[in-house]
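What follows is a set of notes on a single structure, which appears directly below.
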Number of protein chains: 2
Amino acid sequence: MEQRRADTIAEELEERIFDGTFANGDRLDEVRLADQFGVSRTPLREALQRLSRSGLVELIPRRGAFVRQPGPVELLELFEAMAEIEGVCGRLASKRITDAALADLHDANRRCMAAIEAQDPDAYYRENERFHMIIYQQSGNSFLAGEAQALHRRLKPFRRHQLRLRGRMAQSMREHEAIVEALEQGQADVAMQALRAHVAIQVEHVHSLMASLKSAAE
Amino acid sequence: MEQRRADTIAEELEERIFDGTFANGDRLDEVRLADQFGVSRTPLREALQRLSRSGLVELIPRRGAFVRQPGPVELLELFEAMAEIEGVCGRLASKRITDAALADLHDANRRCMAAIEAQDPDAYYRENERFHMIIYQQSGNSFLAGEAQALHRRLKPFRRHQLRLRGRMAQSMREHEAIVEALEQGQADVAMQALRAHVAIQVEHVHSLMASLKSAAE
DNA sequence: GTCAAATATTTTGTATACAAGAATTGTGTT
DNA sequence: AACACAATTCTTGTATACAAAATATTTGAC
């Protein structure tokens with residue numbers, strides 16, 4: 001018997017919320033799910049509480065657990081928060097980043113470029129993610145890095161859509177290069193503003209966000 | 001029988017961690033505490049999980065729950081993160097703050113001043129808190145406001161010490177006024193930097209932090 | 001037929017029971 | 001005496017049982 005089923009269950013449930021198996025507002029029936037996972041209610045409830053902490057599930061006392069996809073307003077707020085926090089990470093990183101990390105950023109950018117040439121959005125997304133993670137780490141503040149990572153993760157389903165937009169990958173690529181340059185030269189405010197804008201631009205395409213939101217809600 | 005004991009227990013435990021009843025590294029015995037609170041292990045475990053999410057308790061699988069006070073490094077990171085996030089809140093608030101909120105800030109400052117004259121650090125702290133909460137709210141971003149509030153709460157025990165430092169209240173007061181002025185005039189970057197510095201200055205007094213840290217650890 | 005109150009059913013929250021892993025103690029060997 | 005290993009004791013994680021609240025259903029009055 002393996003240890004700690006609760007977190008594996010939480011992951012699985014999260015996956016199902018992301019992939020749309022559970023729609024917004026759905027009630028997550030404890031007994032049914034427990035049955036489905038072949039466990040008792042105890043570890044399942046534990047998993048639900050964990051999900052409520054990360055915001056995917058709302059736990060209403062004496063009523064149950066409900067899937068809670070962010071609405072338009074909340075989504076905008078999350079993107080804005082992410083833009084701001086990434087900006088902050090960039091500002092701090094500009095003063096603390098190591099040469100090795102700078103080399104890694106260059107490397108990630110090269111791979112991004114290759115992905116664009118290969119017309120491979122998935123590869124691009126993967127390398128793009130690496131790029132951002134490096135910056136989080138190099139902020140030198142593990143708390144902020146953790147927050148940034150959590151937000152990144154939470155907004156993932158909504159970001160993927162954006163890359164499909166015409167020309168977005170190439171544009172994103174240019175922004176990456178400007179960001180690395182600012183970091184390289186220790187230009188704190190330039191790096192901050194560039195990163196903030198790089199994330200905030202996704203809010204510009206709110207309509208496409210709303211579309212993905214609606215499709216997730218049905 | 002009242003409803004939802006788990007959160008009242010979580011609050012109570014949090015209180016005891018803050019006030020030093022439970023020292024750093026202490027193991028929180030489920031059965032003993034359950035007994036003490038007159039409940040079963042189930043709601044108590046729920047409370048422990050909640051505390052682990054807010055970082056006060058580390059939950060090691062198959063070993064138990066341990067009190068986890070932040071160490072020096074983590075403490076510096078938390079203060080830095082708070083300074084940055086407050087700065088961000090201030091920047092956003094400078095563009096969005098309402099006249100009513102500005103009036104509230106002035107009011108909070110007046111009360112702060114009165115507290116200084118009355119040599120009442122507790123009253124000062126209370127009004128100071130109100131001042132900051134208003135700014136969080138006025139960022140217009142409930143996610144960021146929530147994060148800021150959570151950090152504020154978490155660092156509370158370490159902030160209180162700082163106010164006792166000679167002249168800190170008066171200095172803090174002047175900073176508050178500069179912040180309100182920047183917000184009033186919509187000077188985004190001035191407000192951001194002022195707020196960031198206002199919080200970051202507490203890191204300057206690291207030694208006093210360490211002292212309070214050590215006393216909490218024994 | 002509609003609405004309301006009472007009853008039945010479902011579902012959450014909590015207590016207890018049990019199982020498996022960790023810690024501890026005791027014993028035997030060198 | 002020190003170490004290793006085994007058996008015991010504790011403790012966590014999970015399952016089941018029970019209680020109270022919320023929801024659904026039935027029944028009765030108008």
Side-chain angles (χ1 to χ4, degrees), chain A residues 1-17 20-70 217-218, chain B residues 1-17 20-70 217-218:
Chain A
M1 222 169 255
E2 76 265 64
Q3 44 136 213
R4 287 217 132 285
R5 325 206 209 208
D7 23 1
T8 59
I9 291 173
E11 280 175 40
E12 177 64 24
L13 284 175
E14 187 177 304
E15 189 56 36
R16 293 197 198 174
I17 292 173
T21 308
F22 297 126
N24 191 22
D26 279 7
R27 185 170 142 283
L28 298 176
D29 190 304
E30 291 179 5
V31 291
R32 214 164 58 84
L33 288 172
D35 224 53
Q36 207 167 315
F37 281 105
V39 299
S40 79
R41 279 175 56 218
T42 314
L44 196 116
R45 279 172 63 86
E46 202 176 309
L48 288 178
Q49 287 174 239
R50 198 155 323 177
L51 291 180
S52 89
R53 195 346 185 152
S54 53
L56 285 130
V57 155
E58 187 171 16
L59 234 51
I60 304 178
R62 289 270 175 217
R63 315 277 314 254
F66 298 85
V67 176
R68 186 160 155 358
Q69 295 280 17
E218 300 307 291
Chain B
M1 225 170 252
E2 74 268 64
Q3 44 135 216
R4 287 217 134 283
R5 324 205 210 209
D7 24 359
T8 57
I9 291 173
E11 279 174 42
E12 177 64 23
L13 285 175
E14 186 177 305
E15 190 56 36
R16 293 199 198 174
I17 291 174
T21 308
F22 298 125
N24 191 22
D26 279 6
R27 192 171 78 75
L28 298 176
D29 190 305
E30 291 179 2
V31 290
R32 213 166 57 84
L33 288 172
D35 225 53
Q36 207 168 313
F37 281 105
V39 299
S40 80
R41 279 174 56 217
T42 313
L44 196 117
R45 280 172 63 85
E46 204 176 309
L48 289 179
Q49 287 174 22
R50 200 157 319 178
L51 292 180
S52 89
R53 270 150 224 160
S54 54
L56 285 129
V57 155
E58 187 172 16
L59 232 52
I60 304 178
R62 290 261 175 225
R63 314 275 315 255
F66 298 84
V67 176
R68 189 164 153 358
Q69 294 280 16
E218 300 307 291

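The analysis underlying the following values was restricted to heavy atoms, covering all of them including side chains, and did not include hydrogens, waters or symmetry mates. Lettering follows sequence order; numbering is per chain, from 1.
When the C1' atom of C:dG13 is taken as reference, atom CG of A:Leu48 falls 13 Å away, rounded to whole Å. Per the geometry, CZ belonging to A:Phe37 stands 13 Å off P belonging to D:dA15, to the nearest Å. Counting to the nearest Å, the C1' atom of C:dG13 and the CG atom of A:Leu44 are 15 Å from each other. Between B:Leu59 atom CG and D:dG13 atom P the separation is 7 Å, expressed in whole Å. Between B:Arg50 atom CZ and C:dG13 atom C1' the separation is 12 Å, expressed in whole Å. Whole-Å rounding puts the A:Glu30 CD to D:dA15 C1' distance at 14 Å. Spacing between atom CD of B:Gln49 and atom C1' of D:dT12 amounts to 12 Å, rounded to whole angstrom units. As a whole-Å value, the separation of B:Leu33 CG from D:dT12 P is 10 Å.
Both A:Val39 and B:Ala65 lie near DNA chain D, and the one whose nearest nucleotide falls closer to the 5' end is B:Ala65.
One finds a side-chain N or O of A:Arg63 lying less than 4.0 angstrom from the OP1 or OP2 phosphate oxygen of D:dT23. Put simply, A:Ser40 has a side-chain N or O that comes within less than 4.0 Å of OP1 or OP2 on D:dA15. Residue B:Arg27 places at least one side-chain N or O under 4.0 Å from the OP1 or OP2 atom of D:dT12.
Set against D:dA21, C:dT11, C:dA15, the side chain of A:Arg62 has D:dA21 as its closest nucleotide. The side chain of B:Arg41 lies closest to C:dC18, out of C:dA15, D:dT11, C:dC18.
Between B:Leu13 and B:Val57, the closest side-chain pair of non-hydrogen atoms is not below 4.5 Å. Contact check for A:Val31 versus A:Asp35: no side-chain heavy atoms found under the 4.5 Å cut-off. Residues A:Arg53 and B:Arg50 form no side-chain contact, since every pair of their non-hydrogen atoms from C-beta on lies 4.5 Å or further apart.
Taking CG of B:Leu51 as the reference point, atom CD of B:Glu46 lies at 11.5 Å (rounded to 0.5 Å).
Of the possible donor and acceptor atoms, one in the side chain of A:Asn24 sits under 3.5 Å from a partner among the backbone N and O of A:Gln69.
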